[in-house]
Amino acid sequence: DAKGPGGYKSALSTWFKANEGVTTATDGSEITDWQDAAVANNDATDYTGNSSTGGPIYKVTAAADAINFNPTANFSSGVLGLEIADASEINTSGAAAGTETFTTKGINIAFRTGSAVTNKQTIYSQGDDSRGINIYVRSGNLYVTAFNTPSDGSGAPWNAATVTTVNGAVVANTEYIVTLELNGNSGITGTVTTYLNGKTMGSFGSVGLLYNHDSNGYIGYDDGNSQFDDGLQSTGSFEGAISELIYCNEPGSSFPLAQRNRIESYLALKYGITLDQSTPIDYVNSAGNTIFDATNLASIGGYKEYNKDIAGIGRDDDSEFEQQKSKSENTGSIVTIDKGATIGIDDTWMIWGNDGVATTEVATQIPDTITMRLGRTWRVAEENEMGEVSVSFDITGLGLSALASDYSLLIGNNSSGGDFSNATIVSGASINSNVVTFTGVSLADGEYFTLGTGFIQCAPGGVSGS
């Protein structure tokens, strides 16, 4: 059976993921052909204007290059884009421009900004200055727009004067999920709505039909003929990294919220990008079932108080997804959980988040044999049985001991409410490059954990030593 991100298949026309289908999956190699994982086979190839500068670079080895241990296509200043040839699912079937129409489109991209977000740089574009879609960064903001400026027929023109965009602030060297939903109609009463990490970034109305256009689709570059908010067509290539691009064409009257939630949950867990929890967003599997309840409080089985730095490992066959090792990409996140092997059963998950408390030491709610622990508490959600995992804490910059014997993993049961006074104590930590690791750990659904940072030393007469 056909499979798709978040289990979505019916309107999936193009699907690029850096962990599959690149020309040479070797760190540091140039990507000249990024194969489409969807059935349409709309491959992205080296932009024809790239003869002197080459394509993006495949990166996976260094943590700073990968996104949650997944490979990326790394772009840089210069002409380093990839080109998607004319296709009926994207821009045209070959008919004369302005003679065919598209009503609804959806695009989801998992990406990381580069070290500079002030330069105008294109993440994805299609079309020209008459008809098209454009997603780009400029002056510290992410911009999204679509437009059809000629009077092609019913449902046109729209967004035809100074181009209307949706925009929101982004910062350098940070991971995001952007979603565009184009819902047009012949009455020019439709909308373009954009989401950033699952939260509405904004929308604009008076959207009609998008007529077919000759200019190709571009990943990480624009051919200089699109529409931008500053009125200038010139742009540069993207200066960050892209790990996945999902393109859905003509899904029906609109994109249901439930389906967007499936796709964004899939991308969030794969790339360690926490969905925006300013309004709680649950994580769901490809069947739409909740696997991390961010809506309800812990007292009634939810994780609302533990919605910071959400990350997870799991397997979902209908999404062609298996994540064996994960760490939130958020700054200040310190926990990595690693299965270290294939996850044997479909729809098996272990997802965690924390309470956002500082990672300083406290001496409260600890077992009698423990002197201190981190103030921050994590809580685990589990579907099916993940089995034993390793749990690691990056203690860089926390000012803690360099002795592995000082550390313990404290696990509080589901009913403890995060009080570790009667916690299970797991010892036997190892420490390497400031990372404290416990292996052979079993965590159950609803359990809490934290890092114990000191044991009471017991010796004859209360004197410890050799």
Side-chain angles (χ1 to χ4, degrees), residues 2 4 10-17 21-23 31-51 55-56 73 75 79-109 122-136 144-159 180-182 184 192 207-228 233 235 237-238 242 244-251:
S10 60
L12 179 66
S13 62
T14 302
W15 185 13
F16 298 110
K17 42 185 177 176
V22 298
T23 44
I31 299 173
T32 57
D33 184 359
W34 196 350
Q35 296 173 7
D36 183 4
V39 295
N41 292 321
N42 294 317
D43 294 355
T45 57
D46 201 7
Y47 174 52
T48 54
N50 273 357
S51 57
F75 297 79
V79 186
L80 292 174
L82 296 171
E83 183 175 29
I84 308 169
D86 290 343
S88 59
E89 302 89 356
I90 294 177
N91 64 326
T92 184
S93 65
T99 61
E100 301 173 322
T101 60
F102 299 98
T103 304
T104 54
K105 286 181 177 289
I107 300 173
N108 312 83
I109 305 173
T122 299
I123 298 174
Y124 175 81
S125 74
Q126 66 178 74
D128 50 27
D129 60 352
S130 297
R131 313 166 187 88
I133 294 170
N134 199 5
I135 302 172
Y136 62 98
V144 180
T145 191
F147 47 89
N148 199 107
T149 62
S151 299
D152 290 318
S154 176
W158 53 274
N159 202 5
L180 173 148
E181 292 181 353
L182 166 65
V192 168
V207 172
L209 302 177
L210 179 61
Y211 278 74
N212 63 313
H213 37 280
D214 291 332
S215 188
N216 298 336
Y218 299 94
I219 301 174
Y221 189 66
D222 175 80
D223 66 355
N225 292 314
S226 191
Q227 293 273 9
F228 296 89
Q233 292 182 354
T235 185
S237 61
F238 187 43
I242 297 173
E244 194 147 342
L245 189 153
I246 299 161
Y247 194 113
C248 296
N249 184 55
E250 303 293 1

Examine the side chains of Ser125 and Ser226 and answer whether a donor and an acceptor come within less than 3.5 Å of each other.
->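 Checked: Ser125/Ser226 side chains show no N/O donor-acceptor pair below 3.5 Å.
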
Check: Ser13/Asn249 side-chain N/O donor and acceptor closer than 3.5 Å =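 Ser13 vs Asn249: no donor-acceptor pair found between side chains.
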
Keeping the roles fixed (side chain from [X], backbone from [Y]), state whether a donor-acceptor pair exists under 3.5 Å.
X: Glu244; Y: Ile109; value: no
X: Asp36; Y: Asn42; value: yes
X: Lys105; Y: Leu180; value: no
X: Asn91; Y: His213; value: yes

Would you say that [X] contacts [Y] through its side chain, given a criterion of any heavy-atom pair below 4.5 Å between the two side chains?
X: Leu12; Y: Ile246; value: yes
X: Thr235; Y: Asn134; value: no
X: Asp129; Y: Thr149; value: no
X: Thr122; Y: Tyr218; value: no
X: Glu83; Y: Tyr221; value: no
X: Asn148; Y: Asn159; value: no

Can you name the residues that form a ring-ring contact (aromatic ring centres under 6.0 Å, His included) with Tyr136, not counting sequence neighbours?
-> Tyr143, Phe228

Of all residues at least two apart in sequence or in a different chain, which pass the side-chain hydrogen bond (donor to acceptor under 3.5 Å, both in side chains) check with [X]?
X: Trp34; value: none
X: Tyr124; value: Gln126
X: Gln35; value: none
X: Asn212; value: Thr92

For Asp152, enumerate each residue passing the salt bridge (Lys or Arg N to Asp or Glu O under 4.0 Å) test, keeping only those at least two apart in sequence or located in another chain.
-> Arg131

